[in-house]
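Following: one structure in structure tokens, then a few remarks.
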Protein chains: 2
Amino acid sequence: MDAPTTRTDNKASTELYSDEELRDAMELLFFSYRDLIREPDAILEEYNFGRAHHRVIHFVGRNPDITVTHLLSILRITKQSLSRVLSQLVRENFIQQLEGPIDRRQRLLSLTQKGYELEDDLSRDQRNRITSAFVRAGPEAVNAFYKVLLNMMNNSEEFKQRAGT
Amino acid sequence: MDAPTTRTDNKASTELYSDEELRDAMELLFFSYRDLIREPDAILEEYNFGRAHHRVIHFVGRNPDITVTHLLSILRITKQSLSRVLSQLVRENFIQQLEGPIDRRQRLLSLTQKGYELEDDLSRDQRNRITSAFVRAGPEAVNAFYKVLLNMMNNSEEFKQRAGT
DNA sequence: GCATATATGTCAATAACACTGACTTAATTA
DNA sequence: TAATTAAGTCAGTGTTATTGACATATATGC
């Protein structure tokens, strides 16, 4: 490698994981993420939808009767950004908005039958991919996979709590 | 869950991994990916760069003397999309282009000293995150993590070959 | 040596998805 | 009643991608 010393200056070759190994891990995440969204991307195109629509469909599907505010906090986008996507999904009857029974300002979001069907379609290849990856790697590997990713992210406690239900 | 039957119709509760478990895995990837790019995103902003610049810096850093064509095939974007980002990075002296010694049409790309410094900066938090996730999960978990992600992606053989060098 | 193919770069128009800022409306809460 | 909250809208902007059409220099096949 003809990289200058700043790069190869690895602090210590005695360290557990080399910088290059860590960069490998990052690429692995990059490539597997890319391959995971490839098929849904193709399906979305048929509807003239984009990834933003997929994310909304996914999180509304997993959190029936979610409020707009809560959805915004998960997606971490602005109201205006969500608006375009969400109003399209409502207009085309993939998502329905119901007035909150307690707080009538709220518009509780949920998937319609049509929305569930699209979600099923969009996630099919992803579920197949993950299943086959889990099966091929074995059950201990699945736990390890969860452990590593949870350690990588910020609010892992919150996630575990949600996923545990 | 009050989802209609299309959703909860899980084919079989005897299956190894439930649809909800698989959707958990997808969210886990989504959230950890998002947290991984958070810090680099903030650094890029100081330079008025975006994620596209980061990707170029990363892959040029890992593949010194890469050709434009090869870089395009890794990134899977068009020449025109790369052009804007790459010419900026060259103009600001993060990347240098050298005429190919054999094929003089080629412009071999590599990071300058300044480019390596930026790459180091951008990847620091990511490397720290991954290291700590690996350490906390233990060495067997790291192998399992690789195994699962490799099984999820398309050209895993190609990746393993590259990463193995 | 000439025709063809390849590597790179550029101009122009368009689209998806995000942003900021400034408001409005309706309903809840202090 | 006043202030706050939930949701939505209008207008303008920026980044990153796209397609299509060309231009230039170099390499390669016959």
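In what follows, chains are A, B, ... by sequence order, proteins preceding strands, each numbered from 1.
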Between dT8(C), dG20(D), dT16(D), spot the one nearest the side chain of A52(B), thanks. dT16(D)
If you measure only the distance, is there a donor-acceptor pair under 3.5 Å linking the side chains of R127(B) and T131(B)? no
Nearest-nucleotide check on DNA chain C, R76(A) vs R104(A); residue mapping nearer the 5' end is R76(A)
Length of the CG-P vector between L86(B) and dT16(D), whole Å: 13 Å
Any donor-acceptor N/O pair, S32(A) side chain to L149(B) backbone, under 3.5 Å: no
Round to the nearest Å and state the distance from I77(A) atom CD1 to dA7(D) atom P. 14 Å
Which of the following nucleotides, dA27(D), dT15(D), dG9(C), is nearest to the side chain of D103(B)? dA27(D)
Using a distance-only criterion (donor-acceptor N/O pair, under 3.5 Å, no hydrogens), is the base of dT5(D) paired with the side chain of R105(A)? yes
So if I take every side-chain heavy atom of K79(B) and compare against dT16(D), dG9(C), dA16(C), which nucleotide ends up nearest? dG9(C)
Measuring to OP1 and OP2 of dA16(C), would you say a side-chain N or O of R84(A) lies under 4.0 angstrom away? no
Which word best sums up how the rings of F94(A) and F49(A) line up, parallel for under 30°, tilted for 30 to 60°, or perpendicular for over 60°? perpendicular
Any N/O donor-acceptor pair, Q80(A) side-chain to dG21(C) base, under 3.5 Å: yes
Among the nucleotides dT16(D), dG9(C), dT26(D), whichever has the atom closest to the side chain of V68(B) is dG9(C)
Proximity of F134(A) and F145(A) rings by center, below 6.0 Å: yes
Whole angstroms only, please: what is the CG-P distance between L98(B) and dT8(C)? 13 Å
Give a yes/no on whether any side-chain N or O of T69(A) is located under 4.0 angstrom from OP1 or OP2 of dT5(D). no
Whole angstroms only, please: what is the CD1-P distance between I102(A) and dT28(C)? 11 Å
To the side chain of S81(A), which of dA18(C), dG8(D), dT16(D) is closest? dA18(C)
Salt bridge or not between R38(B) and D125(B)? Use side-chain N to carboxylate O under 4.0 Å. no
May I ask you to evaluate whether R51(B) reaches the phosphate of dT16(D), defined as a side-chain N or O under 4.0 Å from OP1 or OP2? no
In whole Å, I'd like the distance from the CD atom of Q97(B) to the P atom of dA25(D). 16 Å
Check step by step if side chain to side chain contact (heavy atoms under 4.5 Å, CB included) holds for L75(A) and R55(A). CA-CA 8 Å; L75(A) 296 173; R55(A) 286 195 287 270; 3.9 Å; yes
Would you kindly give the CD-to-P distance between E45(A) and dA15(C), to the nearest whole Å? 14 Å
From C-beta outward on R55(A), which listed nucleotide comes closest to its side chain: dA17(D), dC17(C), dG9(C)? dC17(C)
Candidate nucleotides dA6(D), dT16(D), dC17(C), ranked by approach to the side chain of Q106(A) - the nearest: dA6(D)
Integer-rounded Å distance: dT16(D) P and L72(B) CG: 16 Å
Kindly point out which of dA7(C), dC17(C), dT9(D) is positioned nearest to the side chain of S83(A)? dT9(D)
